[in-house]
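Taking it in order: structure first as structure tokens, then the write-up.
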Amino acid sequence: MIIGIPKEIKNNENRVALTPGGVTQFIANGHIVLVEKDAGNGSGFSNEAYTEAGAQVAELAKDVWSKADMIMKVKEPLPSEYGYFREGLILFTYLHLAAEPALAQALKDKGVTAIAYETVTEGRGLPLLTPMSEVAGRMAAQIGAQFLEKPKGGKGILLAGVPGVSRGKVTIIGGGVVGTNAAKMAIGLGADVTIIDLSAERLRQIDDIFGNQIKTLMSNPVNIANAVAEADLLICAVLIPGAKAPTLVSAEMVQSMKPGSVIVDVAIDQGGIVETVDHITTHDNPTYERYGVLHYAVANMPGAVPRTSTLALTNVTVPYALQIANKGAIIAIFENIALKAGVNTTGGKITYEAVARDLGYSYVPVEVALEKKLSVS
Ligand SMILES: NC(=O)C1=CN([C@@H]2O[C@H](COP(=O)(O)OP(=O)(O)OC[C@H]3O[C@@H](n4cnc5c(N)ncnc54)[C@H](O)[C@@H]3O)[C@@H](O)[C@H]2O)C=CC1
Ligand SMILES: CC(=O)C(=O)O
């Protein structure tokens with residue numbers, strides 16, 4: 001199989017979908033890897049490192065997209081890339097389609113087999129989302145602490161406080177991977193931390209991990225309103241896999257926060273959970289202000305720490321990508337239920353239920369969408 005690695009084109013997206021180390025694994029299995037020139041630069045991998053590993057370096061994105069059987073990316077394709085879609089192409093990347101209707105339509109119309117990293121599911125875990133959620137969670141506390149500084153537009157508090165002065169309050173909604181990693185960092189910074197989750201079982205686990213370094217609250221509108229009102233820093237980390245994120249923090253709740261408080265809506269890649277987060281921001285221009293509160297809504301936070309993130313991401317994606325390359329997409333999907341859960345579009349259908357529901361398409365199970373191909377394979 002020919003595996004194509006285009007250069008990422010989203011704002012400040014410096015990650016790359018495959019390292020030279022990953023290339024050697026595909027070459028050892030008899031595949032061809034085409035890497036767009038300079039794709040690895042942002043993560044510290046030169047064109048020479050890729051050629052030494054056995055890859056071919058292509059001058060232009062269109063060469064990579066048109067020759068590859070499988071494109072591996074980091075972020076969702078942008079509109080300028082939709083023209084490369086074609087029937088039979090395998091696309092393996094983050095997609096977040098519930099928040100990207102035009103992309104869903106384009107993938108469906110062109111019959112692309114699009115496997116979303118964020119819905120590949122092992123048991124109850126999301127193995128290809130986890131490492132980037134670890135990065136984004138850790139960054140969220142760090143970024144929030146920075147924007148609370150006066151010169152950055154914040155209210156001018158130090159999360160740790162000092163002897164004789166209160167610590168800053170951090171409220172985290174969603175106690176999964178992002179939430180737990182944000183909590184670790186916020187506790188490390190000395191903040192007074194509260195985590196809210198909908199799952200009593202998850203709250204018990206969090207209590208076991210952090211003990212009395214943290215407060216836990218059940219997710220309901222009253223607890224959310226109270227914890228948001230008193231937060232200096234609000235970190236939003238809710239996920240319903242594949243689905244549009246629910247709006248849990250109303251504009252009224254945001255108005256109850258003190259001026260100069262900060263919201264980091266990490267869940268923005270699935271649409272965000274804050275009513276006043278009405279657009280995605282970029283690393284170039286990461287915040288805007290509503291009701292005196294700074295809003296940060298960058299959908300590719302790990303792109304700012306590309307060396308760490310590329311290594312962490314490719315550690316987990318390469319084993320799955322190798323299965324697809326070695327067996328072909330259809331056999332790999334049907335032999336591995338984790339990968340099957342990743343298939344969001346194939347055969348011109350939307351094959352992930354939450355995406356279909358949120359975007360108003362009829363949902364077609366993967367096996368039905370691939371029925372004809374299965375009968376001839
Ligand atoms: N902006 C960015 O650059 C990045 C964003 N993310 C996003 O962060 C979000 C969180 O990801 P993970 O922590 O990995 O997910 P996760 O599945 O580990 O955790 C989500 C948590 O939300 C909780 N939850 C669900 N409904 C809730 C509700 N109504 N109230 C309170 N809690 C609720 C779940 O019980 C779960 O504990 C996802 O949208 C993910 O895609 C992840 C990495 C980077
Ligand atoms: C999870 C995701 O979308 C990211 O790491 O950019």
Side-chain angles (χ1 to χ4, degrees), residues 1-6 8 15-18 22 25-26 29 31 33 64-65 68-77 81-82 84-100 103-123 125-132 239 241-243 269-270 313-356 359 361 363-370 373-374 377:
M1 192 179 269
I2 303 179
I3 293 78
I5 313 294
E8 295 296 321
R15 288 171 286 180
V16 61
L18 199 61
Q25 291 177 266
F26 284 96
N29 280 268
H31 304 294
V33 182
V64 175
W65 281 89
D69 302 298
M70 171 164 68
I71 290 286
M72 284 182 76
K73 274 182 57 55
V74 178
K75 290 309 286 184
E76 74 282 353
E81 295 170 308
Y82 296 179
Y84 298 129
F85 296 166
R86 62 175 195 276
E87 171 119 37
L89 178 70
I90 306 163
L91 176 64
F92 194 37
T93 190
Y94 287 119
L95 287 169
H96 303 289
L97 290 185
E100 294 287 340
L103 174 59
Q105 179 82 51
L107 292 169
K108 177 181 164 308
D109 287 351
K110 291 289 168 71
V112 175
T113 295
I115 307 175
Y117 291 161
E118 75 275 7
T119 67
V120 170
T121 309
E122 295 263 10
L126 303 169
L128 307 192
L129 180 62
T130 295
M132 294 305 95
L239 175 66
D269 55 359
Q270 294 287 148
L313 179 63
T314 56
N315 282 344
V316 293
T317 52
V318 168
Y320 289 94
L322 269 174
Q323 288 179 39
I324 300 170
N326 288 343
K327 298 176 178 177
I330 295 183
I331 294 176
I333 288 165
F334 285 106
E335 284 189 0
N336 185 335
I337 56 165
L339 262 181
K340 190 171 156 198
V343 182
N344 280 219
T345 69
T346 191
K349 308 283 187 234
I350 303 283
T351 51
Y352 197 87
E353 196 166 5
V355 171
L359 297 183
Y361 292 104
Y363 159 64
V364 179
V366 179
E367 40 281 89
V368 176
L370 290 176
K373 292 199 172 137
L374 281 173
S377 66

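Worth saying up front: this structure is predicted, and the values here are computed from it rather than measured. Counting from 1, the numbers follow the sequence of the chain as shown.
Pairing each heavy atom of T317 with each of F92, the nearest pair is O-CE2, 3.8 Å. Closest non-hydrogen pair, V366 versus K340, comes out as CG2-O, 4.0 Å. Closest approach of I324 to A332, counting heavy atoms only: CA-CB, 3.8 Å. The shortest non-hydrogen separation linking G242 to V355 is O-CG2, 3.6 Å. Minimum heavy-atom separation, P241 to A354: O-CB, 3.9 Å. Minimum interatomic distance between L95 and I115 (heavy atoms only, all atoms of both residues): CD1-C, 4.3 Å.
R15 places no side-chain N or O within donor-acceptor distance of the main-chain N or O of K75, the cut-off being under 3.5 Å. Between the side chain of Q270 and the backbone N or O of A98, no donor-acceptor pair lies under 3.5 Å. No donor-acceptor pair under 3.5 Å is formed between the side chain of N336 and the backbone N or O of F334. Checked by atom type and distance alone, the side chain of T351 never pairs as donor or acceptor with a backbone atom of V364 at under 3.5 Å. Side chain of T314 to backbone of L18: no donor-acceptor contact under 3.5 angstrom is found.
By the 4.5 Å heavy-atom criterion applied to side chains, Y84 and V64 are not counted as neighbours. No side-chain heavy atom of T346 sits under 4.5 Å from any side-chain heavy atom of I333. Contact of the P77 side chain with the F85 side chain is registered, since non-hydrogen atoms from C-beta on lie closer than 4.5 Å. Put simply, the side chain of Y361 does not reach to within 4.5 Å of the side chain of T345, judged on heavy atoms. With a 4.5 Å cut-off on side-chain heavy atoms, P127 and Y320 count as touching. W65 is listed as a side-chain neighbour of L91, based on a closest heavy-atom distance under 4.5 Å. Using a 4.5 Å heavy-atom threshold, the side chains of M72 and Y117 count as touching.
Note that CG of D69 and NE2 of H31 are 10.0 Å apart. Values are rounded to the nearest 0.5 Å. To the nearest 0.5 Å, the span separating CD on E122 from CG on L339 amounts to 8.5 Å. The structure places CG of L129 at 10.0 Å from OG1 of T119, a figure rounded to the nearest 0.5 Å. Going from atom CG of L107 over to atom OH of Y82 covers 7.5 Å, rounded to the nearest 0.5 Å. Taking CG from L128 and OG1 from T121, the interatomic distance works out to 9.0 Å, rounded to the nearest 0.5 Å. Separation of atoms CG (L313) and CE (M132) is listed at 5.0 Å; rounding is to 0.5 Å.
Screening K73, E76, E118 for a side chain to side chain contact (heavy atoms under 4.5 Å, CB included) involving T93 leaves a single residue, K73.
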Intermediate values then yes/no, side-chain contact (heavy atoms from CB on, under 4.5 Å), F26 and L322: CA-CA 7 Å; F26 284 96; L322 269 174; 3.7 Å; yes
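With a 6.0 Å radius and a threshold of 12 heavy atoms from other residues, nucleotides or ligands, K349 has its NZ atom at or below the threshold.
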